Amino acid sequence: MPIPEDVTGEEIDGDVRQELQSLPKTLAEDVAKNLVMVARLIDEDPEGAYGYSRVALRLASRVAAVREAAGFAAYANQKYNEALAEFRAARRMTGTVELWPVMADCERGLGRPEKALDMAGAPEVHKLDKAGQVEMRLVAAGARRDMGQLDAAIVTLQSPELASNAVQPWTARLRYAYADALLAAGREGEAREWFAKAVEADRDGSTDASDRLAELDGVEFVDALDETGDETADETEAEAKSGTEGADESARPSAEENGDKD
């Protein structure tokens, strides 16, 4: 796959660059460029990111960072079985537990919420940092919802992190998940309150909490371009109709021509 000229491979994280030092220099550079493309495209063009991840995987499948990148690219494309295999491989190579929550979410994606809950209760969770533990809580709550256990999902999300007024990288998503679970359980008033709190914490627009809040408040947004397009279409249709009616009138013989006189 083509690599844009502005991509040098130097953009990758220092730890990943260090991992790639085990490869011949030219090969390491090629792998690095493909990993840069994965990171660049994974949000906006997950299919493109997946393509670059497969190239990197073909070039350096024994590098943990490559297996991890391939896992996230597959995950972004909902290829959960493939993603889980890559995450497991990366974990075997590194021995770390950082990927535990996303591995559990892959189990959810594969229709195995019970397995995700088992992982949420495993000893590995205690080895996660705070961000990882919050992520695991989100996955566990999602698994409860998959199983139709809405009240249990709500309880799962109730935590010191949810109650804290401090805004952390995970705060908006945690509040959003809690609001969404409350809404699913029919607790609209509480849901509105927590969507509002999610909006306060969502400084980078990682959720659509503001849209959900507006929806609950009965605010309807209309795309200005669509509205203009609709008006133009209506005007065109009216003109066409008017033109047709004019043509019909001119083609229709008058009463006098037909000899129809009063």
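Not measured: the values here are computed from a predicted model.
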What heavy-atom pair brings [X] and [Y] nearest, and what distance separates the two atoms?
X	Y	value
R144	A152	CD-CB, 3.8 Å
G71	A83	O-CB, 3.4 Å
A191	L216	C-CD1, 4.4 Å
R108	A143	NE-N, 3.5 Å
L150	A184	CD1-O, 3.4 Å
A90	L99	CB-CD1, 3.9 Å

Would you call [X]-[Y] a salt bridge at under 4.0 Å N-O?
X	Y	result
K33	E11	no
E190	R187	yes
D202	R175	no
R17	E10	yes
R40	D6	yes
R192	E188	no

What distance do [X] atom [atom1] and [Y] atom [atom2] have between them, rounded to the nearest 0.5 Å?
X	Y	atom1	atom2	answer
E19	M93	CD	CE	9.0 Å
L23	Q21	CG	CD	10.0 Å
L20	E29	CG	CD	10.5 Å
M119	L117	CE	CG	11.0 Å
Y178	L183	OH	CG	13.0 Å
W170	L162	CH2	CG	12.5 Å

Please check this pair: side chain of [X] against backbone of [Y], looking for a donor-acceptor N/O pair closer than 3.5 Å.
X	Y	value
R67	S61	yes
D208	D211	no
N77	K79	no
E135	P101	no

With sequence neighbours excluded, what pairs up with Y80 under the ring pair (Phe, Tyr, Trp, His ring centres under 6.0 Å) test?
-> Y75
Step by step, work out the side-chain hydrogen bond (donor to acceptor under 3.5 Å, both in side chains) result for R212 and Y176.
-> CA-CA 10 Å; R212 300 293 299 277; Y176 181 95; 2.9 Å; yes
hydrophobic_cluster_shared for [Y] and [X], side chain cutoff 4.5 Å:
X	Y	result
L84	M136	yes
L138	W100	no
V134	V125	no
L35	F72	no
V102	L110	yes

Close side-chain approach of P4 to M37, heavy-atom, < 4.5 Å = yes
Step by step, would you call V97 with R91 a side-chain contact (heavy atoms from CB on, under 4.5 Å)?
-> CA-CA 7 Å; V97 296; R91 183 166 180 265; 4.0 Å; yes
So for atom [atom1], which belongs to [X], do other residues, nucleotides or ligands contribute more than 12 heavy atoms lying within a distance under 6.0 Å?
X	atom1	result
E107	CD	yes
R112	CZ	yes
D129	CG	yes

Test log, rule side-chain contact (heavy atoms from CB on, under 4.5 Å), inputs E68 and T94 = CA-CA 10 Å; E68 184 174 329; T94 61; over 6 Å; no
Tracing side-chain links under 4.5 Å among I, L, V, M, F, W and Y, which residues wind up in one group with V167?
-> none
Applying side-chain hydrogen bond (donor to acceptor under 3.5 Å, both in side chains), run through S159 and E161 and close with a yes or a no.
-> CA-CA 5 Å; S159 61; E161 293 81 18; 3.2 Å; yes
Please lay out, stage by stage, how T156 and Q149 fare under the test side-chain contact (heavy atoms from CB on, under 4.5 Å).
-> CA-CA 11 Å; T156 298; Q149 301 173 2; over 6 Å; no
Given side-chain contact (heavy atoms from CB on, under 4.5 Å), test K130 with Q168 step by step and report yes or no.
-> CA-CA 10 Å; K130 181 62 69 176; Q168 303 291 346; over 6 Å; no
